[in-house]
Q: 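Before I ask anything, let me first share the structure, which is written out below as structure tokens.
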Amino acid sequence: MNNGNKIGSMMKTIARGFCDALFPRVCRVCGRSLVEGETLLCVGCMAGLPRTRFHLDGFNALHQRLGGRYAVDVAAAWFNYMPDSPYARLIRRAKYGDRPVYGRRMGVMYARELLADGVGTAFDVLLPVAMHPLKRFVRGYNQAEEIARGMADVFGCDVGDNLRALRRHTTQTRRGAYERYSNISGSFAIMHPQELDGLNVVIVDDVITTGSTMTDCIRAVGESSSPATINVLSLGATLLKA
């Protein structure tokens with residue numbers, strides 16, 4: 001290593017130490033200090049993540065939830081989303097706590113696990129679930145887009161902006177399944193649909209609850225274009241009550 005590289009490496013080490021002193025790197029679930037190589041979550045919390053492992057099942061509970069006119073190839077979520085779980089708080093911080101970097105980093109982490117199991121090698125384009133422009137202006141970012149960008153860095157594919165929100169919808173919190181569907185139906189459309197023809201398209205979101213939002217996005221893709229496959233990925237998925 002020449003002197004220039006040594007100095008550069010030393011400066012990076014000093015800068016990293018300075019940043020860690022001002023903004024301690026801690027696990028966003030348990031609060032323990034992170035060590036070199038850990039990102040967002042410590043090894044223990046990564047091991048305790050309630051993974052769904054849906055991607056290992058060709059027809060899983062998420063396929064059933066999203067069942068409709070258009071077939072879904074891969075339907076997967078990283079972990080079971082329970083509102084009172086510390087893992088759920090991590091997603092809420094990415095969504096409402098002005099921490100878009102959390103979404104991107106979780107996208108990277110999930111995509112690496114999928115790729116290790118052979119999922120994602122054929123994906124062509126990721127479509128984040130769209131946010132109405134006014135809502136995006138107020139929040140400053142779309143968390144689904146941040147997640148998709150993290151995944152794209154791992155899969156080596158593009159992030160498209162073809163999926164658009166046609167109208168704002170009121171909050172889905174505390175709504176029943178039918179009310180959620182009625183609130184969402186017809187909210188999404190595809191711009192420049194020919195760009196998706198023949199591609200393996202992946203719709204990306206942060207959490208899938210009843211599946212009404214994702215189902216309408218699938219409808220928008222399937223009605224307007226002719227993709228090779230439609231796939232669905234999210235960080236979390238709720239467990240539907242019987």
Q: Going only through I, L, V, M, F, W and Y residues with side-chain contacts under 4.5 Å, is there a path from L41 to L34?
A: no

Q: Any donor-acceptor pair under 3.5 Å linking the side chain of D158 with the backbone of G160?
A: no

Q: Are any side-chain N or O atoms of D73 and backbone N or O atoms of T229, one a donor and one an acceptor, separated by less than 3.5 Å?
A: no

Q: Check salt bridge (Lys or Arg N to Asp or Glu O under 4.0 Å) between E223 and all other residues, then give those that pass, not counting sequence neighbours.
A: R219

Q: For S234 and D206, run side-chain contact (heavy atoms from CB on, under 4.5 Å): C-alpha distance rounded to whole Å, both residues' side-chain angles, the deciding distance at 0.1 Å, then the answer.
A: CA-CA 5 Å; S234 72; D206 55 351; over 6 Å; no

Q: Under 4.0 Å between a side-chain nitrogen and a carboxylate oxygen: does that hold for E146 and R105?
A: no

Q: Hey, could you give me the CG/CD distance between D161 and E195, rounded to the nearest 0.5 Å?
A: 7.5 Å

Q: Which atom names give the shortest non-hydrogen contact between M109 and T39, and what distance separates them?
A: CE-O, 3.6 Å

Q: Are the side chains of Y102 and Q143 in contact, using a 4.5 Å heavy-atom criterion?
A: no

Q: What distance do F54 atom CZ and I208 atom CD1 have between them, rounded to the nearest 0.5 Å?
A: 9.0 Å

Q: Could you list the donor-acceptor pairs under 3.5 angstrom formed between side-chain atoms of residues 147-156 and any protein atom two or more places apart in sequence or on another chain?
A:
unit_1	atom_1	unit_2	atom_2	d
R149	NE	E145	OE2	3.3
R149	NH2	E145	OE2	3.2

Q: Decide side chain to side chain donor-acceptor pair (under 3.5 Å) for N80 and T52; before the verdict, give the C-alpha distance in whole Å, the side-chain angles of both, and the deciding distance to 0.1 Å.
A: CA-CA 6 Å; N80 291 310; T52 68; 5.6 Å; no

Q: Out of curiosity, does L163 fall in the hydrophobic cluster containing V125 (side-chain heavy atoms, cut-off under 4.5 Å, transitive links)?
A: yes

Q: Between Y141 and R93, what is the shortest heavy-atom contact and its length?
A: OH-O, 4.3 Å

Q: Going by heavy atoms in the side chains, are R139 and K95 under 4.5 Å from each other?
A: yes

Q: When rounded to the nearest 0.5 angstrom, what distance separates OH in Y81 from CG in L239?
A: 12.5 Å

Q: With a 4.5 Å limit on heavy-atom distance, are the side chains of M106 and L40 in contact?
A: yes

Q: Are any of the side-chain heavy atoms of V221 and L127 separated by less than 4.5 Å?
A: yes

Q: Are the side chains of L114 and W78 in touch, meaning some heavy atoms are under 4.5 Å apart?
A: no

Q: Testing T238, T210, V232 for side chain to side chain contact (heavy atoms under 4.5 Å, CB included) with R65, which one passes?
A: T238

Q: Tell me whether L196 is reachable from V202 by hopping between hydrophobic residues (I, L, V, M, F, W, Y) whose side-chain heavy atoms are closer than 4.5 Å.
A: no

Q: What class does the angle between the rings of Y87 and F79 fall in, given that below 30° is parallel, 30 to 60° is tilted and above 60° is perpendicular?
A: tilted

Q: How long is the span from the CD atom in Q194 to the CG atom in N162, to the nearest 0.5 Å?
A: 8.5 Å

Q: Is there a side-chain contact between C42 and C30 (heavy atoms, below 4.5 Å)?
A: yes

Q: For the hydrophobic clusters of this structure (ILVMFWY residues joined by side-chain heavy atoms under 4.5 Å, transitively), does one cluster hold both I218 and V204?
A: no

Q: Determine whether L235 and V207 make a side-chain contact, defined as any pair of heavy atoms from C-beta on separated by less than 4.5 Å.
A: no

Q: From L199 CG over to D124 CG, what is the distance, rounded to the nearest 0.5 angstrom?
A: 5.0 Å

Q: How far apart are the closest heavy atoms of D57 and H63, and which atoms are they?
A: O-CE1, 4.1 Å

Q: Quick one: pull up NE2 in H132 and CZ in F137 and give me the separation to the nearest 0.5 Å.
A: 13.5 Å

